[in-house]
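Each chain gets a letter, A, B and so on, in the order the sequences are listed, and its residues count up from 1. Values in this document were obtained by computation on a predicted structure and should not be read as measured data. We use all heavy atoms of the structure for the numbers below, so side chains are in, but hydrogens, waters and symmetry mates are not.
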There are 2 protein chains.
Amino acid sequence: MARAATTSDVFNAIAEPQRRDILALLRAGERPVNDLARTLGMTQPGASKHLRVLREVGLVQVREAGKQRLYGLDARGLRPVHEWVGGFERFWNESFDRLDSYVQDLKQTRQED
Amino acid sequence: MARAATTSDVFNAIAEPQRRDILALLRAGERPVNDLARTLGMTQPGASKHLRVLREVGLVQVREAGKQRLYGLDARGLRPVHEWVGGFERFWNESFDRLDSYVQDLKQTRQED
DNA sequence: TTGACGTATGCCGATATGGGAATACGATCG
DNA sequence: CGATCGTATTCCCATATCGGCATACGTCAA
């Protein structure tokens, strides 16, 4: 039941570093599998497997080109992620401040001991 | 070796829906574990385990308060995620267009058959 | 100290994952 | 058709994960 209910959603897909690498690489344009694999230093089956996951969540799109299959980026699925994370934007600096004051409190307390 | 080299990074931490729920909830302020667990409908050990993961990647911060432990949000770790995903912002609409024209091509081709 | 409460940890089972190797599939070319 | 190239799939192993349950730990109160 590992990572239950998460399997095959976008958050899960981008949780794997190699898949993030693939996506980043595809920003430069479509690429056949072997090319991807070689560029990123993974085996062909390895690349195929990761591409499958990315395909299943819709982050990637395939196009047949002779013997080859050109994988291209379809970044639309990343938008919800961006929005979800963006919902915390307000707290980035605030957390900073809160932690700072927290540390201040600790110092204070320590001095009082 | 599941999710190799990913374990305990922020992307992995937010890949789990319940952990995202916890983070979202903590935007409203600090909360003790039992409270979190009850609110989100998970068991206490379950909540503790997820909180541990969040703690280990630094998305959450603990403060002792008597018998209780108050967990608070530290969203700073989400910033890199936001930036990484933001690197694809340009492609959201572009992908749209490309897919559209791709679909057009398919229709065209089909008509020519 | 004992007991109660809040929380963390340990152990277990079921499942899923990533990696490697072998192989099957599909298309092109001779 | 047969051979070859590019890719997907399958099988197996090691490992990690989540969930549930029991239990240990720490703090406070009586």
Side-chain angles (χ1 to χ4, degrees), chain A residues 1-23 25-26 29-72 109, chain B residues 1-23 25-26 29-72 109:
Chain A
M1 196 204 297
R3 172 128 316 126
T6 305
T7 297
S8 288
D9 77 338
V10 178
F11 282 91
N12 181 57
I14 64 173
E16 160 68 54
Q18 310 207 58
R19 287 197 286 263
R20 290 201 295 277
D21 291 344
I22 292 178
L23 292 177
L25 189 56
L26 288 182
E30 292 179 326
R31 292 247 202 175
V33 177
N34 265 326
D35 192 40
L36 267 168
R38 232 176 311 115
T39 304
L40 296 177
M42 32 181 145
T43 65
Q44 176 271 309
S48 272
K49 285 173 191 170
H50 285 310
L51 286 168
R52 180 187 232 256
V53 175
L54 293 172
R55 208 192 320 143
E56 284 174 349
V57 300
L59 286 177
V60 127
Q61 170 224 334
V62 213
R63 188 164 65 87
E64 320 260 340
K67 311 188 209 179
Q68 311 194 111
R69 299 206 176 182
L70 296 181
Y71 278 85
T109 306
Chain B
M1 197 203 296
R3 174 128 316 125
T6 305
T7 296
S8 290
D9 77 339
V10 178
F11 281 92
N12 181 58
I14 65 173
E16 161 67 54
Q18 310 208 57
R19 287 197 287 261
R20 290 200 295 276
D21 292 343
I22 292 179
L23 292 177
L25 190 56
L26 288 182
E30 293 178 325
R31 292 246 201 176
V33 177
N34 264 327
D35 192 41
L36 267 167
R38 231 177 312 115
T39 304
L40 296 177
M42 32 182 147
T43 66
Q44 175 271 310
S48 272
K49 285 174 190 169
H50 284 310
L51 286 168
R52 181 188 232 256
V53 175
L54 293 172
R55 209 191 320 141
E56 286 175 347
V57 301
L59 286 177
V60 128
Q61 169 225 334
V62 213
R63 188 165 66 90
E64 319 261 338
K67 311 188 209 180
Q68 311 195 111
R69 298 206 175 183
L70 297 181
Y71 277 85
T109 306

Distance, nearest 0.5 Å, that separates CZ of B:Arg55 from NE2 of B:His50: 13.5 Å
Could you state the atom-to-atom distance from NZ of B:Lys49 to C1' of D:dT23 in whole Å? 12 Å
Roughly how many Å is it from CG in B:Asp35 to P in C:dG6, rounded to a whole number? 11 Å
Rounded to whole angstroms, how far apart are CG on B:Asn12 and P on D:dT15? 18 Å
Under the side-chain hydrogen bond (donor to acceptor under 3.5 Å, both in side chains) test, residues paired with B:Asp35 that sit two or more places apart: B:Arg31
Nearest heavy-atom neighbours spanning A:Leu26 and A:Gly72: CD1-C, 4.2 Å
Report yes if at least one side-chain N or O of B:His50 is closer than 4.0 Å to OP1 or OP2 of D:dT17; otherwise report no. no
NA contact type, B:Pro32, heavy-atom cut-off 4.0 Å: base, sugar-phosphate, or nothing? sugar-phosphate
Should A:Asn34 be listed as having a side-chain N or O under 4.0 Å from OP1 or OP2 of D:dT7? yes
Whole angstrom value for the distance that separates P of C:dA27 from CZ of A:Arg63: 16 Å
Which nucleotide, C:dA8, C:dG6, D:dA8, lies nearest any side-chain atom of B:Pro45? C:dA8
Spacing between B:Glu56 atom CD and D:dT17 atom P, to the nearest angstrom: 10 Å
With a 4.0 Å cutoff (strictly under), does any side-chain N or O of A:Arg52 reach OP1 or OP2 of D:dA8? no
Base, sugar-phosphate, or nothing: which does A:Gln44 touch, judged by heavy atoms less than 4.0 Å apart? base
Report yes if at least one side-chain N or O of B:Gln18 is closer than 4.0 Å to OP1 or OP2 of D:dG19; otherwise report no. yes
Residue pair A:Leu59 / A:Ile14: nearest heavy atoms and the distance that separates them: CD1-CG2, 4.0 Å
Reckon B:Arg69 has a side-chain N or O less than 4.0 Å from the OP1 or OP2 of C:dA8? yes
Tell me, please, which residues at least two apart from B:Arg52 pass side-chain hydrogen bond (donor to acceptor under 3.5 Å, both in side chains). B:Glu56
Nucleotide D:dC18, atom P - distance to CE of B:Met42 in whole Å: 12 Å
Is A:Gly46 touching bases, backbone alone, or none of the nucleic acid, heavy atoms closer than 4.0 Å? nothing
Taking atom P of D:dT17 as reference, at what distance in whole Å does atom CG of B:Leu54 sit? 13 Å
Tell me the interatomic distance from A:Lys67, atom NZ, to C:dA27, atom P, rounded to whole angstroms. 12 Å
So does B:Tyr71 get a side-chain nitrogen or oxygen closer than 4.0 Å to the phosphate oxygens (OP1/OP2) of C:dA8? yes
